[in-house]
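Lettering of chains follows the sequences in order, A, B, ..., and the numbering in each one begins at 1.
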Amino acid sequence: MTTASSADHPTRRDFLFVATGAAAAVGGAAALWPFISQMNPDASTIAAGAPIEVDLSPVAEGQDIKVFWRGKPIYISHRTKKQIDEARAVNVASLPDPQSDEARVKSGHEQWLVVIGICTHLGCIPIAHEGNYDGFFCPCHGSQYDSSGRIRQGPAPANLPVPPYQFVSDTKIQIG
Amino acid sequence: MSGPSDYQPSNPALQWIERRLPILGLMHSSFVVYPTPRNLNYWWTFGAILSFMLGIQILTGVILAMHYTPHADLAFKSVELLVRDVNYGWLLRNMHAVGASMFFVAVYVHMLRGLYYGSYKEPREVLWILGVIIYLLMMATGFMGYVLPWGQMSFWGATVITNLFSAIPYVGESIVTLLWGGYSVGNPTLNRFFSLHYLLPFLIAGVVVLHVWALHVSGQNNPDGVEPKTEKDTVPFTPHATIKDMFGVSCFMLLYAWFIFYMPNYLGDADNYIPANPGVTPPHIVPEWYYLPFYAILRSIPNKLAGVIGMFSAIIILCFLPWLDAAKTKSSKYRPLAKQFFWIFVAVCILLGYLGAQPPEGIYVIAGRVLTFCYFAYFLIVLPLLSRIEKPRPVPNSISDAVLAKTGSRSTPMVSSAIVLALAGALFAGSADSARASEGSDKPPGNKWSFAGPFGKYDRGALQRGLKVYKEVCANCHGLSYVAFRNLAEAGGPGYSVAQAAAFASDYKVKDGPNDAGDMFERAGRPADYFPSPFPNEQAARAANGGAAPPDLSLITKARSYGRGFPMFIVDFFTQYQEQGPDYVSALLQGFEDKAPEGVTIPEGSYYNKYFPGHAIKMPKPLSDGQVTYDDGSPTTIAQYSKDVTTFLMWTAEPHMEARKRLGFQVFIFLIIFAGLMYFTKKKVWADSH
Ligand code: FES
């Protein structure tokens with residue numbers, strides 16, 4: 001029914017249809033944005049993810065504590081001399097995810113290991129002071145991390161990540 | 001009319017599916033080739049508008065449910081945090097809340113259109129009854145949705161409406177207890193309402209499918225009420241009806257957007273920004289505007305049970321309409337008497353709606369009774385009688401005859417009835433407003449607010465000064481519990497830097513804990529913290545303030561209002577006046593007088609305030625000249641303090657107002673262009689069909 005007059009102004013008619021269709025598509029796409037964006041963390045969640053300060057003085061050598069930052073457990077280990085030496089003795093090139101211990105701690109504070117305690121396999125929480133490497137053992141599928149938090153054995157592909165942190169004093173760090 | 005389709009897709013994959021599930025054929029026959037009467041006017045686009053609104057409500061509702069907490073202690077707060085913190089949360093909430101009203105606007109137009117053109121008559125009785133069922137489900141859904149924010153109106157609306165069932169003899173009380181899941185409206189009630197509010201829209205969608213199915217069996221009615229006879233009487237649904245419907249929807253979206261972006265609270269009730277309080281009933285319990293006519297019927301009948309029955313029968317009676325009106329002629333266009341009575345009926349409904357919002361006293365009660373009688377008389381007396389005595393004008397032979405006959409005068413009835421309906425809507429909306437009138441107090445004078453109007457912005461200086469006034473004066477008694485220090489650095493706020501907000505926060509002592517030893521401790525405030533409240537709990541606040549707990553101020557400018565009265569509320573719709581709250585707050589701060597005027601006695605421990613409802617306020621005069629020092633040279637007067645602190649409190653209540661108005665402007669530009677394009681496309685498509 002609509003073909004009869006299309007011979008009169010074929011281009012003008014087509015232009016109108018294309019313009020209307022384009023406007024509808026653009027409007028629809030733009031309207032979609034709020035519906036997707038609302039899924040992102042809201043302002044209070046972002047604000048709650050601000051840096052935290054942790055006092056290290058109560059943590060004795062050989063002990064470790066777990067703190068939470070952005071909902072993630074952070075392991076802070078006060079390593080023994082033995083643990084540090086072990087971590088530094090391995091041949092870095094032989095590791096699944098080669099990284100030297102020096103690169104994973106702050107120089108001058110070698111005794112402190114700060115890692116995100118989430119197994120890089122599928123997100124379980126590894127247990128400290130367990131496994132064959134004086135480090136962490138993940139009970140879910142058997143990944144083993146050494147005293148530097150590096151993956152040594154098991155299905156996990158990468159080392160435990162080091163969160164952004166810095167020493168604000170000798171006994172205090174700020175994570176985030 | 002949609003018989004088996006001979007539709008065959010050309011794509012082999014689609015053919016494969018089609019042979020097993022002929023869904024494309026169903027779509028094709030229902031929404032593409034489906035013959036639609038060629039004389040439909042724009043009132044018929046409201047079906048599409050309703051489908052659109054249902055889609056919007058379900059979509060935004062599902063999203064709101066992602067951020068909402070259905071718990072009596074957390075529901076109100078979760079709605080506030082959703083509006084404040086979630087990306088575009090304010091937009092989604094406004095879309096949903098305003099969407100409910102728009103849904104009802106559209107359904108009333110749709111129903112009245114059916115009434116006027118006799119769309120309920122043979123062979124469309126089932127179609128009509130399904131429509132009434134949808135309407136009932138909508139009312140139930142709307143009611144339960146209104147309860148979810150858990151404000152004062154939510155709570156007391158839920159109490160009043162569920163108590164309707166207590167009118168049932170013998171088992172009424174048990175039914176009410178069953179509905180509540182407790183001895184009063186409480187957490188179990190809220191939880192089940194949330195569950196049902198989520199469920200019912202999908203039931204509606206299901207009945208809508210049946211409604212459309214029935215429509216496609218009997219075919220659409222049309223303004224002339226003659227069934228299509230030949231192919232000449234119809235046009236294919238696509239593109240003709242689709243494009244026309246889309247144009248209708250885009251025009252409707254303009255109205256919808258007007259509310260979303262510029263007057264989100266116009267249709268709501270200020271009392272619902274006060275958290276639910278089982279101990280205090282607001283002076284007027286007013287349901288949402290779309291229930292008002294039925295609420296008026298309920299209140300007009302002096303017997304409890306009879307009132308409830310009257311209210312429900314006012315809706316149920318619609319189911320019997322096809323048999324009450326036995327006239328052969330469908331369209332009121334050809335029924336001179338029925339047409340007049342139709343408009344009288346519309347007026348009766350509007351007036352009932354107006355009365356539903358008035359206090360049930362004096363003349364209003366009598367008028368309510370008369371109009372209730374008129375309402376039922378229309379169905380039980382007028383329509384049955386008319387179908388016997390009325391002499392209809394001759395109807396055209398066919399739709400094409402009707403189309404040929406009317407050239408020129410086509411749009412006039414459309415325009416006039418559109419105006420009538422617009423006025424009706426405004427009257428409804430405004431009638432809710434007038435019920436809020438604060439009795440026994442003066443009307444606050446209007447102010448020039450920088451944030452008023454479509455391009456309004458907060459005055460940064462006023463926000464900063466207002467914060468100072470709050471901190472030094474108001475904060476001694478009033479909390480600001482929904483505002484976090486980080487908000488001070490957010491766009492559209494007082495314009496502080498992140499560092500300034502952090503420094504401001506660190507001046508406060510915040511309770512935190514427990515620490516490793518299990519003790520609570522105090523620490524300096526951080527940007528993520530909320531303004532600490534001056535009292536640990538409501539009881540302490542009450543005890544320290546002569547029995548009246550100072551309200552939290554986060555939402556005070558939206559939680560206070562005063563009646564604007566007729567015809568101001570209609571004017572307000574066009575001028576976007578939304579500043580009742582700020583006007584009231586600012587007037588209240590300046591309305592203290594040392595001596596009550598002659599004849600007014602103020603009880604011990606209260607103070608006279610010109611603008612406070614009842615004049616006796618427990619708060620002593622909080623501000624005096626020179627009390628707070630300003631560094632920017634602004635006058636240190638009560639008037640200036642009031643203005644600044646009110647501006648600040650408007651921001652705490654609507655922190656995203658600037659973003660809302662900015663986005664609103666962009667949306668309007670787009671919608672106007674889009675509606676224009678749709679209009680010309682529609683004209684092109686229909687060029688050959690008229
Ligand atoms: S999650 Fe740790 S080994 Fe699989």
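Around atom CZ of B:F521, more than 12 heavy atoms belonging to other residues, nucleotides or ligands sit under 6.0 Å away. By the neighbour-count criterion of 12 heavy atoms within 6.0 Å, atom NZ of B:K683 is sparsely surrounded, having that number or fewer from other residues, nucleotides or ligands. Remark: B:Y508 OH is packed, more than 12 non-hydrogen atoms of other residues, nucleotides or ligands lying under 6.0 Å away. Within a 6.0 Å sphere centred on CE of A:M39, heavy atoms belonging to other residues, nucleotides or ligands number 12 at most.
Of the atoms belonging to A:P58, not a single heavy atom falls under 4.5 Å from chain B. Looking at B:M95, only its side chain comes within 4.5 Å of chain A, counting heavy atoms on both sides. The contact between A:A24 and chain B is made by backbone and side chain atoms together, counting heavy-atom distances below 4.5 Å. Residue contact with chain B, scored on non-hydrogen atoms closer than 4.5 Å, is absent for A:A50. The contact between B:M678 and chain A is made by backbone and side chain atoms together, counting heavy-atom distances below 4.5 Å. Interface residue B:F680: backbone and side-chain heavy atoms are both found under 4.5 Å from chain A.
With respect to chain A, the highest number of heavy-atom pairs below 4.5 Å among B:I243, B:I63, B:L59 belongs to B:I63. Heavy-atom pairs under 4.5 Å with chain B peak, among A:A47, A:A48, A:S44, at A:S44. When the candidates A:D42, A:I46, A:T45 are compared by the number of heavy-atom contacts under 4.5 Å with chain B, A:D42 comes out ahead. Ranking B:I673, B:L92, B:L671 against chain A, the residue ahead of the rest is B:L92, based on heavy-atom pairs under 4.5 Å.
To the nearest 0.5 Å, the span separating CH2 on A:W33 from CG on B:N87 amounts to 8.0 Å. Between atom NE2 of residue B:H67 and atom CD of residue A:Q38 there is a gap of 4.0 Å, rounded to the nearest 0.5 Å.
Nearest heavy-atom pair across A:A23 and B:L677 is CB-CD1, 3.8 Å. Contact between A:G27 and B:F670 at its shortest, heavy atoms only, is CA-CZ, 3.4 Å.
Contacts with chain A (heavy atom to heavy atom, under 4.5 Å) involve these residues of residues 526-533 of chain B, listed by number: B:A528, B:Y530.
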